[in-house]
Amino acid sequence: GVSDYGLFSVIYGVVAFFVFIISAMNDSVQRFISINLGLQDIENIRDTVKNSILVYLLAGICLVSILLLARTHIIYDFLNIDATSLNSAKILYLIALFSIFISVLQTPFNALVLANEKMSFYAYMTIFDACSKLTVSLLIVMIPYQKVIIYSLLLLTSTFFVFCIYLCYAKFKNFLVGGKINVSIIKEITVFSFWNVFGNFAYVCRTQGINVIINVFFATTANAAYALSNTVLNSINSLTQSFITAIRPQIFKAYAEKNIDRYNVLINAGAKYTFSLLFILSCPVLLSTEQLLSLWLVNIPEYTVGFVRFVILVALIDSFSSSVITGIQATGRIKKYQVVVGFFVFISFPVTYILYRLGAPIYSVFIPLIITSILNMFLRVYFISSLSDFKSTHFFKSVALPCALSALISLSIGYYISTSISYGGVVQLLCFSSLYSFISILSIFIFVVSKDERKLIVKYFGSKFK
């Protein structure tokens, strides 16, 4: 039900709120492994992996212990939970802790897979994870009671199986055997991670923190709408995330090899095509939000349509920064960057609280989100230009402006079609959604893809149809 889903999202949101430290260390481990792979330093990779496993184990134990001690205060005093749902909330809290602890232990192995660019294994694991969650969703329909608790237990089981597969993956025994505990490596990883912590903390405040604020000022039905909007975004964003996941180690290695030309090309291409892929998938959702949601939900919770559209808009702005952030991390000089950009990401959290306190409507949360996302895009480009030989003028001229123009043209044409022609039914909805995606592809091909890239695409498809 709507209330149960809202309860699930807010409990998992509170626990996930504290995982920003571990997420920062995950990025750090992948960065160090990729840099050492670029330098072909196998012994240093072994040392990095062994020390990171130790750090993650200790960090996971500390995190779970702190959250266990704070359980009563969080559930009874902090969150706005109906009295009839308190027992379910306590059980959900414990299940969420176990699930997150397993994810924490998995992160060094995940970083090792990505740094070595074993994308086939990563793809299989992503498919397995998606299929297991789909299976869980289908099974929950047949369960007559305690659905939210059983749903959480099944997700925990899925997480544990994924961890076991990563642990047993045999191709990295060469990196897992040997190595030694080294205080200097632990310190190097920890110091680099420390400056990632604020940025990750700010991002968590912008997602899970806002979810908690919505719960404080509104009911769990509003949390359900916010959670559903993020679920929709995650569904259409999975392809773009896979793309940037694949390009990250290449950027790290290019910088380690001092191949600055390739480093610049990868960052610009990553930003351009991350936005393009996300927009192609999200354009139909932006234009037919309510109709598409009705295929999935019998009763669409209030605010869901608006949340979905605004969340996608913020994600499109942030997509320009994905490869730029990786380029900054590759330099290793992230202290000033994380303090400045992290502050402006974080500021949307207290501003949202103030707006709600003053009686602003629920959609006002997206005013600070959109403003800070645009500002941070400019700040990230400034920092990468000052830390490397990256050309900011080329980025805006060849990436940001063409992408924004193609999106504006596609949405304008799509909006004209949607208001001029009425359509209903699943088949017609899917046909018009495909049309909107085709229009966005055509617009991107004309305005975003460079002349050389267009020639390569035409040549490739020409050879296929000969």
Side-chain angles (χ1 to χ4, degrees), residues 232-233 235-244 246-247 264-289 292 308-327 366 369-371 373-378 380-381 384 390-421 429-462:
V232 172
L233 175 63
S235 299
I236 64 178
N237 204 24
S238 57
L239 180 61
T240 59
Q241 289 302 311
S242 298
F243 174 73
I244 198 61
I247 206 171
N264 281 293
V265 168
L266 287 170
I267 292 171
N268 283 313
K272 180 165 63 176
Y273 290 111
T274 300
F275 177 91
S276 298
L277 286 171
L278 179 59
F279 182 73
I280 289 168
L281 295 171
S282 61
C283 184
V285 180
L286 289 170
L287 293 168
S288 306
T289 311
L292 289 171
V308 167
R309 287 171 174 163
F310 280 119
V311 164
I312 290 174
L313 176 60
V314 173
L316 285 168
I317 298 169
D318 287 340
S319 67
F320 286 116
S321 301
S322 52
S323 60
V324 176
I325 293 170
T326 304
F366 293 101
L369 287 180
I370 292 171
I371 292 172
S373 290
I374 295 172
L375 175 62
N376 282 327
M377 181 188 70
F378 283 94
R380 288 174 179 129
V381 173
I384 196 173
F390 187 79
K391 305 292 189 219
S392 60
T393 53
H394 179 75
F395 175 85
F396 288 113
K397 182 180 178 181
S398 302
V399 178
L401 289 177
C403 286
L405 179 62
S406 67
L408 183 62
I409 291 173
S410 300
L411 289 174
S412 298
I413 296 172
Y415 179 76
Y416 176 78
I417 293 172
S418 65
T419 54
S420 300
I421 305 173
L429 177 59
L430 293 178
C431 288
F432 275 91
S433 296
S434 300
L435 175 62
Y436 298 146
S437 291
F438 176 76
I439 292 170
S440 63
I441 291 171
L442 187 62
S443 178
I444 287 167
F445 185 78
I446 295 171
F447 295 103
V448 177
V449 180
S450 66
K451 290 181 180 179
D452 292 336
E453 290 167 342
R454 281 199 292 269
K455 289 178 181 178
L456 287 174
I457 293 171
V458 171
K459 182 179 179 181
Y460 173 79
F461 283 102

Who pairs with Thr289 by side chain to side chain donor-acceptor pair (under 3.5 Å), at least two apart in sequence or on another chain?
-> Arg309
Look up atom CG in Asn376 and atom CZ in Phe320, then write down how far apart they are to the nearest 0.5 Å.
-> 14.5 Å
Are side-chain heavy atoms of Tyr273 and Val449 found at a separation under 4.5 Å?
-> yes
Minimal heavy-atom distance between Ser406 and Ile444, with the atoms involved, is OG-CG1, 3.9 Å
Thr326 meets the side chain to side chain donor-acceptor pair (under 3.5 Å) criterion, sequence neighbours left out, with Arg248
Shortest non-hydrogen contact from Leu233 toward Val311 = CD2-CG1, 3.3 Å
Applying ring pair (Phe, Tyr, Trp, His ring centres under 6.0 Å), name anything that partners Phe310, two or more places apart in sequence or on another chain.
-> Phe366
For Leu405, which residues count as a side chain to side chain contact (heavy atoms under 4.5 Å, CB included) partner, sequence neighbours excluded?
-> Ile409, Phe447
Look only at the side chain of Ser420 and the backbone of Ile417, and say whether a donor-acceptor pair between them is shorter than 3.5 Å.
-> no
Look up atom OG in Ser434 and atom CG in Leu429, then write down how far apart they are to the nearest 0.5 Å.
-> 9.5 Å
Result of checking Ser410, Pro402, Cys283 against Ser443 for side-chain contact (heavy atoms from CB on, under 4.5 Å) = Ser410
By ring pair (Phe, Tyr, Trp, His ring centres under 6.0 Å), Tyr436 pairs with (sequence neighbours left out) none
Carefully, step by step, assess Leu281 and Leu277 under the rule side-chain contact (heavy atoms from CB on, under 4.5 Å).
-> CA-CA 6 Å; Leu281 295 171; Leu277 286 171; 5.5 Å; no
If you look at every heavy atom in Val399 and Ala271, which pair is closest and at what distance?
-> CG1-CB, 4.0 Å
Got a sec, which residues hit side chain to side chain contact (heavy atoms under 4.5 Å, CB included) with Ser319, two or more places apart in sequence or on another chain?
-> Thr274, Phe275, Leu278
Can you name the ring pair (Phe, Tyr, Trp, His ring centres under 6.0 Å) partners of Phe243, sequence neighbours left out?
-> none
Please walk me through it: do Phe432 and Ile421 pass side-chain contact (heavy atoms from CB on, under 4.5 Å)?
-> CA-CA 10 Å; Phe432 275 91; Ile421 305 173; 3.8 Å; yes
Excluding sequence neighbours, so at least two apart, what forms side chain to side chain contact (heavy atoms under 4.5 Å, CB included) with Ser450?
-> Asp452, Glu453
Centres of the Phe378 and Phe396 rings: under 6.0 Å?
-> yes
Once you round to the nearest 0.5 Å, how far does OH of Tyr415 lie from CG of Leu287?
-> 10.0 Å
For Ile280 and Ser437, work out which heavy atoms get closest and say how close.
-> O-OG, 3.1 Å
All side chain to side chain contact (heavy atoms under 4.5 Å, CB included) counterparts of Asn264, not counting sequence neighbours = Ile260, Phe390
Intermediate values then yes/no, side-chain contact (heavy atoms from CB on, under 4.5 Å), Ser323 and Ile244 = CA-CA 7 Å; Ser323 60; Ile244 198 61; 3.8 Å; yes
Mind checking ring pair (Phe, Tyr, Trp, His ring centres under 6.0 Å) for Phe445 and listing every partner two or more places apart, or none if nothing turns up?
-> none
So salt bridge (charged side-chain N to carboxylate O under 4.0 Å, His left out) across residues 406-420, not counting sequence neighbours, yields none
With rounding to the nearest 0.5 Å, note down the distance linking CD1 in Ile370 to CD1 in Ile317.
-> 5.5 Å
Minimum-distance pair of heavy atoms, taken over all atoms of Val285 and Leu292 = CA-CD1, 3.7 Å
Measuring from Ile413:CD1 to Leu442:CG, what's the distance to the nearest 0.5 Å?
-> 8.0 Å
For residues 392-403, the side chain to side chain donor-acceptor pair (under 3.5 Å) pairs (sequence neighbours left out) are His394-Ser398
Measure the CD1-NZ distance between Ile384 and Lys391 for me, rounded to the nearest 0.5 Å.
-> 12.0 Å
